[in-house]
*Asks:* 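The structure follows.
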Amino acid sequence: MTAPGVDAGVPVLRTEGITKRFGAVVALRGVDIALARGEVLGLVGDNGAGKSTFVKIVCGFQRPDSGRILVDGNEVHLHSVKDARAHGIEAVYQDLALVPQLSVYQNLFLNREVTTLGRLGWLSTRKMRAEAKAYLDDIKVSIPNIEAEAETLSGGQRQAIAVARATRQNAKILLLDEPLAAMGAKESALIIDLVKDLSSNRGVSILVIDHNYAHLFELCDRVNVFQQGRVTFDRRVEETSLEELTELMVSEYRRQVMAGHVELGDAGTA
Ligand SMILES: Nc1ncnc2c1ncn2[C@@H]1O[C@H](COP(=O)(O)OP(=O)(O)O)[C@@H](O)[C@H]1O
Ligand SMILES: [Mg+2]
């Protein structure tokens, strides 16, 4: 359901001409993306193509040199991660997000701002547990014991809790930078199911970076390819294929070899 006053046709997140350089390195050369409500958009591309930098800009961690960011059609100026959160934008970095010694339910309630630490004390433990349990059930994240300390969970479970916390605290745009890296099939499935549930049942819009095309096709509605700081390809997943994406990457790799940017046998395309 769309909030009153929000036009369903307007992308939840739009960027226009985002550029960023680090000294002599031009990381982003004018990135335009559009993310619809409840859409999952995958970002792929070689190492160094600018994907992570783009995510860091959209979550307020870094400032662009130029370009605009629009949320629900209105330009926003993100000077910090806190600013971005206030607009419902949140990047989830699995381990950084949780306090290892706190339980699952405490982590779900823990906010980064001191004001809500007050709320932690105010809410009864029983109520927190019940709400945490209800919310996790609601988004179909099964954690056997919500009393368990975060550090005892698997990587997939920790990632799921971090995502759950962001959305429980009203993130409407989630940014995930390689959320499935170093995860086994079962762990990946947990996150893939969660992303799908949040997008289709709760209207959360999700930007996800992943190198694994099989995951992307399972996860995403649409894919954007980053090449040298630009989006060079934008397709719905049903309008492209594993073969087409692979071919794009291989030809980019060949181009870079020809240009002398990478050595043959370099792991640069990983
Ligand atoms: N903090 C930084 N300082 C200097 N260069 C950076 C910094 N962050 C990224 N870069 C450079 O910007 C380019 C894009 O990097 P990145 O956004 O990490 O690409 P990707 O995530 O697609 O692999 C690379 O050349 C990288 O070395
Ligand atoms: Mg990266």
Side-chain angles (χ1 to χ4, degrees), residues 13 15-35 40-69 78-81 84 89-97 155 159 162-163 166 173-183 188 191-192 195 206-217 219-220 222-235 240 245-263 265-270:
L13 173 71
T15 68
E16 290 175 358
I18 300 289
T19 69
K20 178 76 176 176
R21 58 161 73 227
F22 298 100
V25 176
V26 184
L28 302 175
R29 295 166 196 270
V31 175
D32 303 342
I33 65 126
L35 181 64
V40 184
L41 173 63
L43 306 183
V44 284
D46 279 342
N47 278 335
K51 306 176 299 294
S52 294
T53 301
F54 181 69
V55 160
K56 286 176 193 160
I57 287 172
V58 174
C59 78
F61 184 70
Q62 283 174 351
R63 250 66 62 217
D65 295 333
S66 62
R68 307 203 308 152
I69 300 174
L78 309 176
H79 299 288
S80 66
V81 168
I89 306 173
E90 177 134 22
V92 173
Y93 297 97
Q94 62 182 93
D95 283 5
L96 298 179
Q159 176 88 292
V163 168
I173 300 166
L174 267 186
L175 314 174
L176 305 173
D177 192 343
E178 307 199 27
L180 307 177
M183 274 188 205
S188 297
I191 301 303
I192 289 174
V195 163
I206 299 172
L207 209 66
V208 56
I209 300 176
D210 202 316
H211 280 115
N212 183 318
Y213 297 160
H215 285 155
L216 277 177
F217 277 90
L219 259 177
C220 300
R222 203 153 54 86
V223 203
N224 280 5
V225 175
F226 270 59
Q227 287 178 312
Q228 298 183 304
R230 279 199 189 90
V231 174
T232 55
F233 181 88
D234 175 12
R235 287 286 162 79
T240 181
L245 282 184
T246 309
E247 183 47 39
L248 254 177
M249 289 305 143
V250 170
S251 52
E252 165 72 5
Y253 181 58
R254 282 204 199 98
R255 205 193 51 69
Q256 291 196 21
V257 171
M258 300 292 277
H261 294 322
V262 285
E263 303 268 320
D266 215 358
T269 53

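In listed order, ligands and their atoms are each counted from 1. Note that these values count all heavy atoms, side chains included, but never hydrogens, waters or copies made by symmetry.
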*Asks:* Let me confirm one number: the CE-OG1 distance from Met249 to Thr246, rounded to the nearest 0.5 Å.
*Replies:*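 So the CE of Met249 and the OG1 of Thr246 are separated by 8.5 Å.
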
*Asks:* Is there a polar contact between ligand 1 and Ala27, counting only N or O atoms under 3.5 Å apart?
*Replies:*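 Ala27 vs ligand 1: no N/O contact under 3.5 Å.
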
*Asks:* Which ligand 1 atoms does Asn47 reach within 4.0 Å, using its non-hydrogen atoms?
*Replies:* 23 (O)

*Asks:* Does any N or O atom in Lys51 lie less than 3.5 angstrom from one in ligand 1, N or O only?
*Replies:* yes

*Asks:* Would you say Phe233 has more than 12 foreign heavy atoms packed within less than 6.0 Å of its CZ?
*Replies:*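 For Phe233, atom CZ is crowded (more than 12 foreign heavy atoms under 6.0 Å).
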
*Asks:* Is a donor from one side chain sitting under 3.5 angstrom from an acceptor on the other, for Arg255 and Gln227?
*Replies:* no

*Asks:* Closest non-hydrogen protein atom to atom 19 (O) of ligand 1, residue and atom name please, with distance?
*Replies:*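 Closest protein heavy atom to atom 19 (O) of ligand 1: Gly50 N, 3.1 Å.
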
*Asks:* Ile57 versus Val31: any side-chain heavy-atom pair under 4.5 Å?
*Replies:*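 No, side chains not in contact.
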
*Asks:* Tell me which protein heavy atom sits closest to atom 17 (O) of ligand 1, plus the residue, atom name and distance to 0.1 Å.
*Replies:* Thr53 OG1, 2.5 Å

*Asks:* So is Ser52 polar-close to ligand 1, meaning N/O to N/O under 3.5 Å?
*Replies:*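 Yes: some nitrogen or oxygen of Ser52 is under 3.5 Å from one in ligand 1.
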
*Asks:* Tell me which protein heavy atom sits closest to atom 14 (C) of ligand 1, plus the residue, atom name and distance to 0.1 Å.
*Replies:* Gly48 O, 3.4 Å

*Asks:* Quick one, Leu180 and Ile192 - any side-chain contact, counting heavy atoms below 4.5 Å?
*Replies:* yes

*Asks:* Of the protein's non-hydrogen atoms, which lies at the shortest distance from atom 25 (O) of ligand 1, and what is that distance?
*Replies:* Val25 CG1, 3.5 Å

*Asks:* Check each atom of ligand 1 against the heavy atoms of Ala49 and keep those under 4.0 Å away; list them by number with element.
*Replies:*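 Here the atoms of ligand 1 in question are 19 (O), 20 (P), 22 (O).
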
*Asks:* Could you check whether any side-chain N or O of Asp210 sits under 3.5 Å from a backbone N or O of Glu178, counting only pairs where one atom can act as donor and the other as acceptor?
*Replies:*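 No.
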
*Asks:* From atom 3 (N) of ligand 1, is the closest protein heavy-atom distance below 4.0 Å?
*Replies:*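 So far as the 4.0 Å threshold goes, atom 3 (N) of ligand 1 is in reach of a protein heavy atom.
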
*Asks:* Quick check: does Phe54 get an N/O under 3.5 Å from an N/O on ligand 1?
*Replies:* no

*Asks:* Do Lys51 and Asp177 meet the salt-bridge criterion of a basic N to acidic O distance under 4.0 Å?
*Replies:*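 Salt bridge absent between Asp177 and Lys51.
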
*Asks:* If we set the cut-off at 4.0 Å for heavy atoms, which region of Asp46 has an atom near ligand 1: side chain, backbone, both, or neither?
*Replies:* backbone

*Asks:* Please confirm whether Gly45 approaches ligand 1 to less than 4.0 Å, judged on its heavy atoms.
*Replies:*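 It does not; every heavy atom stays at 4.0 Å or beyond.
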
*Asks:* Give me the one residue out of Leu216, Val44, Asn47, Asp46 that meets side chain to side chain contact (heavy atoms under 4.5 Å, CB included) with His211.
*Replies:*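 Single side chain to side chain contact (heavy atoms under 4.5 Å, CB included) partner of His211 among Leu216, Val44, Asn47, Asp46: Asn47.
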
*Asks:* When you measure from the Mg ion (ligand 2) to the N, O or S atoms of Thr53, does any of those distances fall below 2.8 Å?
*Replies:* no

*Asks:* Name the closest protein heavy atom to atom 1 (N) of ligand 1, giving the residue it belongs to and the distance to 0.1 Å.
*Replies:* Phe22 CE2, 3.6 Å

*Asks:* With side chain to side chain contact (heavy atoms under 4.5 Å, CB included) as the test, would you mind laying out the steps for Phe61 and Val55 before giving the verdict?
*Replies:* CA-CA 9 Å; Phe61 184 70; Val55 160; over 6 Å; no

*Asks:* State, with a plain yes or no, whether a side-chain heavy atom of Ile89 is found less than 4.5 Å away from one of Leu78.
*Replies:* yes

